[in-house]
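Below is one structure, written out as structure tokens; comments come after it.
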Protein chains: 2
Amino acid sequence: MTETVTADTRDTRQRILDAAEGVFMACGYDGASMRQIAGDAGVNLAAGHYHFGSKEALFQAVLNRRLHVLNQERLRVLDELEAKAAGAPLKPSQILDAFFGTLLRMAITHGPRGQTFLRLIGRTLTEPSEFIRTALSKEFADVLERYKAALFRALPEVPKEEIVWRFHFMLGATSYAIAGIDTLRLITDWQTGATDDDLERLAPRLMSFLLGGLRAPLPAAPAAPQPRGNVRNRRKKP
Amino acid sequence: MTETVTADTRDTRQRILDAAEGVFMACGYDGASMRQIAGDAGVNLAAGHYHFGSKEALFQAVLNRRLHVLNQERLRVLDELEAKAAGAPLKPSQILDAFFGTLLRMAITHGPRGQTFLRLIGRTLTEPSEFIRTALSKEFADVLERYKAALFRALPEVPKEEIVWRFHFMLGATSYAIAGIDTLRLITDWQTGATDDDLERLAPRLMSFLLGGLRAPLPAAPAAPQPRGNVRNRRKKP
DNA sequence: AGAGAAATCAAACGATCGTTTAAATCATAC
DNA sequence: GTATGATTTAAACGATCGTTTGATTTCTCT
């Protein structure tokens, strides 16, 4: 009973995953059809259900296949940084590079399929569908907890709530920057179809932007809408 | 032939638009069904097609109804700022507030429906569907051109290409921050269902973050892959 | 009131969807 | 070889989709 998978089986599964990745990216979850995925993969329609059970399960498999190795790598890089720091807080730039830089580098080294996946998760993060949300939450829970803690230590003078918000903003800028390279053509008037160069040049630009945003001065308004306050002390919460 | 719309007609159209706004936001374009929209609106299934022609046209109508007034307001505010500046370049913070602040303020003043719309466009901007892209491009062309020009003048030392990229990042952080307030619960462990306060407190935080990212130091790597440069002067281009 | 346009309604159309079924094919062990 | 299990295949199922139709109701105007 030790999972005797033949070579042919793995090929079919892999082909389905690859095709599904592309179709889900191009059409979204609802817009994609099992028939188109099977067609692109060159397999029978029923193969998808045979190997994965359902469309939802296939989508989760597509996400997890790459998300898992990405997040494992993120944890490994963070471990390495913290070991090298020997107890001292990390620099914000190090943390951002470990989280977002790892993402971008993985997409580059994995070729066009990596970019496809990047754009897929960019789309996916804005889909509030229930099963997608739970799938992502399980896959991201550990990583986000670790990186949040690292940022808290790196920026002790910034309220934790503020850091969480800015982490959220950075996620948005990143996923959007990747998912919406087409959208950028909506802003600019480029018609250059560059793809590889786009991504390689995106990384340093994005990292600068994220770092600037993360270290921006705190908002002037104390973010708590209580204008009747006679006390305006800004107690620094430990 | 002067468009004699009766009161009842406007009510039905409005109800359909409101319901469609909510369903499209919750389910996405493909996930939403005309039957559910009609049901939520309390009208017959055929009413949607009678008043709008097709599902695509209904979606465009939902987008344009609010996008148009938003972008008109954005242009008006920018006009006002530039008139007051009397030829001098605007401050980046003024431009960002005119663009993103107007968006957030409109969402707040329009109540829960405004937030629904905000989250809808947050989702929509990541859908690369063809007709959606063209619809958005038409609606955004003028505004983006004006604001790009204003930013170019405000930041003459920053390469225009860099500004366009950062504009893109800011759009992403904003749309994602709004569309994904649920996603934020994926990061944090809040279970508070706050909505109004969330948005009101979001604005100053987001503006600080955007401004910090916009004014971040330029990426160390000159973004052009020519490492053989023997000159490392950072000429300030006029 | 009555003609005519505008709007609503119930019902159906064809298409496509995810999923299932049962037979056919392949691989592997005895 | 045959038997057994894994995989692939063709075909169909029921459900839901966007859209259309034609009758019916509501409104507008003389």
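Since the model is a prediction, treat every value here as computed from it, not as a measurement. Chain A is the first sequence line, chain B the second, and so forth, proteins listed ahead of strands; every chain is numbered from 1.
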Would B:E82 and B:R146 pass as an ion pair if we require N to O under 4.0 Å?
yes
Which of the following nucleotides, C:dA6, C:dC17, D:dT19, is nearest to the side chain of A:R35?
C:dC17
Given C:dT19, C:dA7, D:dT20, which nucleotide is nearest the side-chain atoms of A:L45?
C:dT19
State yes or no: are the ring centers of A:F100 and A:F209 separated by less than 6.0 Å?
no
Between C:dA7, D:dC17, D:dT8, spot the one nearest the side chain of B:S33, thanks.
D:dC17
Think A:H49 has a side-chain N or O under 4.0 angstrom from the OP1 or OP2 of C:dT21?
no
Per atom distances to the A:M34 side chain, the nearest of C:dA10, C:dG18, D:dA6 is C:dG18
Within the pair B:H51 and C:dT8, is there a side-chain N or O less than 4.0 Å away from OP1 or OP2?
yes
Respond yes when some side-chain nitrogen or oxygen of B:T12 is under 4.0 Å from OP1 or OP2 of C:dT8, and no when none is.
yes
May I ask you to say what B:A32 touches in the nucleic acid, namely base, sugar-phosphate or nothing, with a heavy-atom cut-off under 4.0 Å?
sugar-phosphate
Less than 4.0 angstrom between a side-chain N/O of B:N44 and OP1 or OP2 of C:dA7, yes or no?
no
Classify B:A46 by what it touches in the nucleic acid, base, sugar-phosphate, or nothing, heavy-atom distance under 4.0 Å.
base
If you only use heavy atoms from C-beta on, which nucleotide in C:dC9, C:dG18, D:dT9 is closest to the side chain of A:K55?
C:dG18
Considering only NZ, NE, NH1 and NH2 on the basic side and carboxylate oxygens on the acidic side, decide whether A:R74 and A:D142 come within less than 4.0 Å.
no
Between B:F167 and B:Y147, is the ring centre distance below 6.0 Å?
no
